[in-house]
Amino acid sequence: MVETAVSPSRTGRVAPVRTNATATLVIGCAAVLLVLLAYNAPLAAVPQMAASLGAGMSGQTWIMNGMVLGLAVSMLIAGSVADDYGRRRVFLIGTGLFAASLAAGVAAPSTALFVVLRVLQGLGAAAMLTASTGLIVNAHPVGPGRVRAIGLWSAMIGLGIAVGPLVSASLATAWSWRACYGIYAVAALAIVVATPRLVPESRAEHRQTIDVPGVVTLAAGMALLLTALTEARSGWLRPEVAILFGGAAVVLAGFVVIEWRRRAPMLDPRLFRSPAFVVATIGALVTGLAVIGFVSYLPTVFQRSLGMSALSAVAPVVVWAGVSFLVSLQARRLAVAARWQIAAGLALAAVAYAVMLGAVDAGAVGRLYAGFVISGVGSGLINASLARMAVESVPAGRGSMGAGANQTARYLGSSAGLAITVVLATSASGGGPAHALAHGTDIAMIVALALTVAGALTAAVVRPRTA
């Protein structure tokens with residue numbers, strides 16, 4: 001059932017208005033595309049950015065991961081607040097913060113300030129992603145229309161990953177990497193201007209009070225965990241990394257205890273009794289761990305082991321994302337339950353890794369591209385089904401919260417997956433640096449293959465009552 005969209009009347013009362021489903025979908029898709037463009041902007045421009053900002057290896061790592069930190073910390077919080085206090089309101093606040101932090105990034109003089117702005121971009125993007133999902137779900141009743149709408153929204157993830165590095169590389173070559181952030185800031189501002197005119201407000205029928213203890217402990221715990229995962233790339237055995245992991249474990253355990261005891265928790269622990277919610281969450285986590293996290297490091301491997309240029313190294317990832325985009329658009333035509341699409345998508349990722357195993361060391365570029373195409377088909381199926389299952393596995397009116405929980409699992413998994421991949425890929429030795437990196441990448445690929453198989457089996461075995 002679609003909730004009532006609301007709009008303030010001249011008397012100050014909230015009056016029902018007709019939801020403009022098409023405009024809501026267009027603005028929601030534009031938002032997720034813009035977020036992914038900005039998210040992937042540094043991928044092909046890190047060398048130029050590092051030279052401009054004076055960033056060392058640690059600074060470059062944080063340039064890449066700063067936005068992930070902002071996303072993971074606030075995704076679930078933003079979704080919950082959007083459901084209770086207005087999805088359009090939260091969407092506008094998030095998009096405004098996103099636009100302002102992008103604009104400030106154009107003139108950022110130092111690595112530290114730019115990383116802070118990347119974190120702020122992540123905070124704004126979290127509100128954009130979760131609130132836009134809730135707005136779209138509210139505007140489209142359960143049925144083929146909703147499946148199509150969520151499929152289009154999900155397809156923007158693949159499109160953003162595909163064109164993001166190309167756009168940033170092209171702008172960095174023609175002008176400067178800073179031009180990219182200026183253009184994205186203008187686009188975000190245009191969304192801010194258009195949204196109040198085209199998208200009505202909506203919220204859950206029964207509003208909950210803000211879970212302040214839950215917000216504080218979740219944000220602090222996720223910040224500690226993401227910082228630990230980022231710093232771990234420079235060495236897992238360093239004392240500061242152990243302290244960060246330990247602190248994250250304590251604070252997140254406190255979050256779980258708080259949520260169990262609250263009458264109206266931000267994330268109801270009883271949701272994990274729902275097979276559909278479990279499948280959606282595990283699917284998102286494994287996708288981040290074994291697909292996004294692993295694939296994110298491969299351009300670096302291609303440059304160092306195969307001697308590819310930056311653009312050539314990114315090209316297979318662009319193919320992967322492009323195929324994912326096309327498959328997500330068509331996945332709605334499949335008369336297959338969401339859990340089976342997730343299982344098939346993860347299984348295809350495992351097949352892709354089997355095809356690519358040993359290809360880097362052998363210089364078999366054709367096998368690499370074949371693997372990326374197969375993985376792209378799998379990612380398209382996963383993207384199209386995860387978003388739908390996430391919102392349909394939570395109570396009615398909590399769609400933004402469901403999207404936030406799912407995206408939190410995905411981004412946390414991607415950060416952990418990238419950290420693990422870096423450690424495994426750089427741990428091998430012998431035969432020269434290029435051979436050692438290729439051998440280490442194969443080890444990481446075997447781990448990713450095992451994780452995707454486990455995720456596919458989980459999605460196939462667990463039987464949700466919905467989706």
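Contact between Leu36 and Gly160 at its shortest, heavy atoms only, is CB-CA, 3.7 Å. For Ala344 against Leu381, the heavy-atom pair with the smallest separation is CB-CD1, 4.2 Å. When all heavy atoms of Gly221 and Ala248 are compared, the pair lying nearest together is O-CB, 3.8 Å. Between Ala23 and Asn20, the shortest heavy-atom distance links the atoms N-OD1, 3.1 Å. The minimum heavy-atom distance between Ala82 and Val90, with the atom names listed, is CA-CG2, 3.6 Å. The minimum heavy-atom distance linking Thr452 with Ala290 is given by the pair CG2-CB, 3.6 Å.
Proximity of Arg118 to Pro42: side-chain heavy atoms (C-beta onward) are separated by under 4.5 Å at one or more points. Annotation: side chain of Arg87 is in contact with side chain of Asn138 (closest heavy-atom distance under 4.5 Å). Counting heavy atoms from C-beta on, the side chains of Asn383 and Ser324 come closer than 4.5 Å. Taking the side chain as every heavy atom from C-beta outward, Leu329 and Leu152 approach each other to under 4.5 Å. With a 4.5 Å cut-off on side-chain heavy atoms, Ile282 and Val286 count as touching. Using a 4.5 Å heavy-atom threshold, the side chains of Gln330 and Leu326 count as separate. The shortest distance between side-chain heavy atoms of Tyr39 and Gln121 does not fall below 4.5 Å. Considering only heavy atoms from C-beta on, Gln407 stays 4.5 Å or farther from Leu76 through its side chain.
The backbone N or O of Val192 lies less than 3.5 Å from no partner atom in the side chain of Thr195, so there is not a single donor-acceptor pair. Between the side chain of Thr426 and the backbone N or O of Val422 there is at least one donor-acceptor pair closer than 3.5 Å. Judged purely by atom type and a 3.5 angstrom limit, Asn406 uses its side chain to pair as donor or acceptor with the backbone of Ala280. Side chain of Glu201 to backbone of Arg89: a donor-acceptor contact under 3.5 angstrom is found. One N or O on the side chain of Ser328 and one on the backbone of Gly380 form a donor-acceptor pair closer than 3.5 Å. In this structure a side-chain-to-backbone donor-acceptor pair under 3.5 Å is missing from Ser305 to Phe302. Side-chain atoms of Ser52 do not come within 3.5 Å of backbone N or O of Met49 as any donor-acceptor pair. Checked by atom type and distance alone, the side chain of Thr281 pairs as donor or acceptor with a backbone atom of Phe277 at under 3.5 Å.
Atoms CG and SG, on Leu37 and Cys180 in that order, are 7.5 Å from each other to the nearest 0.5 Å. Taking CG of Leu123 as the reference point, atom OG of Ser74 lies at 4.5 Å (rounded to 0.5 Å). From Phe294, atom CZ reaches atom OG1 of Thr421 across 6.0 Å, with rounding to the nearest 0.5 Å. Here the CG-OG1 distance, from Leu129 to Thr133, works out to 6.5 Å after rounding to the nearest 0.5 Å. Of the inter-residue distances, the one linking Leu135 atom CG with Thr130 atom OG1 reads 9.5 Å to the nearest 0.5 angstrom. Between the CD1 atom in Ile382 and the CG atom in Leu346 there is a gap of 4.0 Å [rounded to 0.5 Å].
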Point to revise | Candidate pair Ser154 and Leu386, rule side-chain contact (heavy atoms from CB on, under 4.5 Å), full reasoning | key: CA-CA 9 Å; Ser154 301; Leu386 272 182; over 6 Å; no

Exercise for review: Check step by step if side-chain contact (heavy atoms from CB on, under 4.5 Å) holds for Ile27 and Phe91.
Suggested key: CA-CA 11 Å; Ile27 287 178; Phe91 179 78; 3.8 Å; yes

Exercise for review: Please lay out, stage by stage, how Val26 and Cys29 fare under the test side-chain contact (heavy atoms from CB on, under 4.5 Å).
Suggested key: CA-CA 5 Å; Val26 170; Cys29 287; 6.0 Å; no

Review point. When you look at Val137 and Trp153, which way does the side-chain contact (heavy atoms from CB on, under 4.5 Å) test go after all the steps?
Key: CA-CA 11 Å; Val137 168; Trp153 185 94; over 6 Å; no

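In this structure, Tyr184 has its ring center at least 6.0 angstrom away from the ring center of Phe98. The distance between the ring centers of Trp320 and Phe325 does not fall below 6.0 angstrom.
The 12-atom threshold is exceeded at CZ of Arg178, counting heavy atoms of other residues, nucleotides or ligands nearer than 6.0 Å.
A side-chain contact (heavy atoms from CB on, under 4.5 Å) with Ser385 holds for exactly one of Val279, Ile342, Ile150, Val147; it is Ile342. Among Leu224, Leu69, Leu412, the one residue that satisfies the side-chain contact (heavy atoms from CB on, under 4.5 Å) test with Leu229 is Leu412.
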